[in-house]
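Everything on this sheet refers to the single structure shown next.
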Amino acid sequence: MGNVALKGIDSDTTTDSPGRAITIPTDSLTLDKPDHDTREPPAPASSGYPSQRILFVTAEIADFVKVGGLGDVSSALPRALAAHHDIRVLIPAYREVRDSALKIRRVGHLPAYADLPACEIGEVTCADGLVIYVLLCSELYERAGGPYGTGPGGYGSDGWEDNDIRFARLSLAAAEIAAGHAGLEWCPQLLHLNDWACGLAPAYLHWQGHNVPSVFTIHNLAYQGLYDASRCAALGILDSAFHIEGVEYYGKLSFMKAGITYASHVTTVSATYAQEITTPEFGCGLDGLLRCKAQQGRLSGIPNGIDDSWDPRTDAHLVQAFSANDWRGKRANAEYVRHRFGLATSAGPLFAMVSRMVHQKGVDLVIEAAASIVQAGGQLVFIGSGERRVEIQLDRLAERYPGAVGVYVGFDEDEARCIYAGSDFLLMPSRFEPCGLSQMYAQRFGSLPIAHRTGGLADTIEDGVTGFLFDEVHLASFMQAIQQAFLVYRSTELFHAMRRAAMTGRYHWRQSIAPYTQLYQRISEEAGIEAQAAG
Ligand SMILES: Nc1ncnc2c1ncn2[C@@H]1O[C@H](COP(=O)(O)OP(=O)(O)O[C@H]2O[C@H](CO)[C@@H](O)[C@H](O)[C@H]2O)[C@@H](O)[C@H]1O
């Protein structure tokens with residue numbers, strides 16, 4: 001693949017410093033493409049594999065409650081997999097579930113176990129037919145606040161004081177349903193578990209002697225569900241399981257480690273992150289265990305996708321629909337965002353950050369870069385919530401640069417969609433990023449991501465084609481990428497070519513069906529063989 005300076009662009013406008021031309025791989029360009037092309041490359045066939053009954057277990061789902069990307073995945077992936085499998089979801093019955101208009105039918109009951117209270121299982125059928133089991137236990141789940149605590153922005157175990165009980169209850173419910181002990185008419189053949197909140201499920205299955213295969217997906221290794229060892233008895237965890245090859249992690253009980261240790265297979269949400277977490281730099285103290293899983297062929301990366309609702313031609317949240325080559329609609333969204341955030345009319349580029357405002361996301365770097373962006377004629381909008389200290393810094397930034405920096409501290413998906421549609425560039429200097437959905441949404445909406453070359457960002461952004469990547473999480477490296485973005489912005493033809501390339505949809509959940517299906521089949525066969533051998 002050759003990298004050449006783009007034909008027809010004045011070389012002066014594509015060079016920021018001697019010898020540093022902005023280049024674009026010629027065979028990736030879609031310069032002559034007439035319109036936004038969302039055709040997917042054909043996904044590898046999954047039809048040769050039998051359909052399975054799968055219980056997808058999660059602490060959040062965008063249908064009811066979403067803190068971040070896990071909520072999106074939990075809503076979209078089971079729906080995509082439903083094309084091939086009988087897949088149902090299990091979530092706690094949070095207040096938002098009870099308050100929704102959907103009818104809850106009581107279908108099962110689970111007894112108390114250790115300090116985990118008895119609970120009931122309700123069944124909800126969404127308008128599109130997706131069946132969601134909800135764990136009814138008002139003392140644990142019906143509260144004013146988020147799924148993990150009152151503070152927004154994290155998947156942490158440091159929120160509600162009884163999160164160990166709340167999520168052990170969820171995990172045990174999943175295990176009991178899989179073992180056929182919940183009184184449901186439906187019994188899964190396989191569990192698909194997500195992040196630390198479900199980590200104890202395969203452990204309970206193992207301790208209770210049930211051979212049900214499970215996939216444990218890591219969406220973010222940094223949030224581990226760590227608790228004092230003295231909590232084991234309350235959660236029904238035997239002393240004999242509290243050791244280095246069980247659930248013990250540097251003297252603490254780790255839900256994340258339980259999931260990794262006892263699940264049949266561990267996945268994470270991009271190929272690069274699957275490799276990164278086997279290193280001390282990204283492994284959060286679990287890299288040794290993860291290296292071992294990788295050597296056994298029990299760790300893989302299956303990238304996230306995005307669903308059909310992310311389409312600028314049809315998204316009803318936007319002030320005006322648009323497509324590639326129809327930039328009037330995109331400009332109308334930019335005007336809306338500028339107006340909404342109190343920014344001045346400007347011919348300069350609009351940079352955006354849509355994110356949980358936490359250390360992972362590198363918002364400190366964006367705050368550092370803000371002065372240079374504004375001085376160069378750019379504007380910035382932020383939407384997000386998270387660490388209070390960061391929120392205050394953002395508010396100060398907006399006060400310092402009235403008309404050039406706008407901040408909304410909070411969570412609002414409709415506004416987030418307008419910002420992806422209205423912005424020219426999305427800033428994502430994440431220190432690590434398991435996959436990242438925001439950069440895919442931005443690309444689909446013609447906003448070019450400027451991102452750290454890590455995890456899923458490295459896998460989903462083509463530097464100089466569909467966005468910009470930089471190598472080191474420090475200001476100088478980030479600023480180089482921002483300077484490239486300014487240069488491209490000034491060269492309309494190149495800018496529009498990159499936008500078109502970014503908008504050409506390549507990341508769809510349909511592409512995840514085959515790899516998950518193949519994995520489900522493999523671990524089911526292995527469980528069957530082991531069961532026969534054991535019998
Ligand atoms: N203030 C706000 N208002 C409205 N919407 C907001 C918002 N702040 C964030 N969002 C939305 O939240 C989602 C964020 O998803 P990401 O995947 O980019 O990151 P997150 O770290 O939450 O997810 C983790 O899990 C996912 C799923 O696997 C991985 O992709 C990711 O790398 C990992 O860190 C996007 O839908 C974004 O639009």
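Atoms within each ligand, like the ligands themselves, are counted from 1 in listed order.
Close contacts of ligand 1 with Tyr420, meaning ligand atoms under 4.0 Å from a residue heavy atom, involve 37 (C), 38 (O). Annotation for ligand 1: atoms under 4.0 Å from non-hydrogen atoms of Val73 are 27 (C), 28 (O). Atoms of ligand 1 lying under 4.0 Å from any heavy atom of Lys361, numbered from 1 in the order shown and given with element: 19 (O), 20 (P), 21 (O), 34 (O). Counting atoms of ligand 1 from 1 in the listed order, those under 4.0 Å from a heavy atom of Gln360 are 34 (O). Atoms of ligand 1 lying under 4.0 Å from at least one heavy atom of Gly384, given by number and element, are 1 (N). In summary, the atoms of ligand 1 found under 4.0 Å from a heavy atom of Ala416, numbered by their order in the structure, are 4 (C), 5 (N).
The side chain of Asn220, and not its backbone, has at least one atom closer than 4.0 Å to an atom of ligand 1 (non-hydrogen atoms only; side chain from C-beta on). Residue contacts with ligand 1 for Ser438 involve both N, CA, C or O and side-chain atoms from C-beta outward (heavy atoms, distance under 4.0 Å). At a 4.0 Å heavy-atom cut-off, ligand 1 touches Tyr441 through the side chain alone. With a 4.0 Å heavy-atom cut-off, ligand 1 is reached by the backbone of Ile383 and by its side chain too.
Identified under the ring pair (Phe, Tyr, Trp, His ring centres under 6.0 Å) test for residues 379-411, with sequence neighbours left out: none.
The shortest N/O to N/O separation between Cys435 and ligand 1 falls below 3.5 Å. Considering backbone and side-chain atoms alike, Ser385 places every N or O at 3.5 Å or more from each N or O of ligand 1. By the 3.5 Å distance cut-off applied to N or O atoms, Val67 is not counted among the residues near ligand 1. Checking only distances, His219 does come within under 3.5 Å of ligand 1, N or O to N or O. Considering backbone and side-chain N/O atoms, Gly69 comes within less than 3.5 Å of an N/O atom of ligand 1.
Residue contact annotation: Gln439 has no non-hydrogen atom under 4.0 Å from ligand 1. Ligand 1 is never approached by Glu415 to a heavy-atom distance shorter than 4.0 Å. Heavy-atom separations between Gly410 and ligand 1 include at least one value shorter than 4.0 Å. The closest approach between Tyr408 and ligand 1 stays at or above 4.0 Å for every heavy atom of the residue. The closest approach between Gly456 and ligand 1 stays at or above 4.0 Å for every heavy atom of the residue.
Phe167 and Tyr148 have tilted rings, their planes meeting at an angle from 30° to 60° on a 0 to 90° scale. Between Phe495 and Phe425, the angle of the ring planes lies from 30° to 60°, which puts this pair in the tilted group.
Counting only heavy atoms from C-beta outward, the side chains of Met428 and Glu433 approach each other to under 4.5 Å.
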> Are Arg79 and Asp63 close enough, and set up right, to give a side chain to side chain contact (heavy atoms under 4.5 Å, CB included), and what steps lead you there?
Replying inline: CA-CA 12 Å; Arg79 287 183 160 95; Asp63 299 58; 2.8 Å; yes

> When you look at Thr460 and Gln439, which way does the side chain to side chain donor-acceptor pair (under 3.5 Å) test go after all the steps?
Replying inline: CA-CA 8 Å; Thr460 57; Gln439 82 281 6; 3.0 Å; yes

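In terms of modelled atom types and a separation under 3.5 Å, the side chain of Ser100 and the main chain of Val97 share a donor-acceptor contact.
In this model, a donor atom of one side chain and an acceptor atom of the other lie less than 3.5 Å apart for Tyr336 and Glu415.
Salt bridge Asp162/Arg143: present, at least one basic N to carboxylate O contact under 4.0 Å. In this structure, Asp311 does not pair ionically with Arg444, as no charged nitrogen and carboxylate oxygen lie closer than 4.0 Å. A salt bridge links Asp424 with Arg499; the closest basic N to acidic carboxylate O contact falls under 4.0 Å. Comment: Glu399 does not engage Arg396 in a salt bridge, judged by the lack of any side-chain N to carboxylate O separation of less than 4.0 angstrom.
Of the options Lys66, Glu413, Glu433, Glu60, the smallest heavy-atom separation from atom 11 (C) of ligand 1 is shown by Lys66. Around atom 27 (C) of ligand 1, the closest heavy atom drawn from Thr217, Val269, Asn304 belongs to Asn304.
Across His84, His192, Gln189, His265, a single residue satisfies side-chain hydrogen bond (donor to acceptor under 3.5 Å, both in side chains) together with Tyr520, and that is His192.
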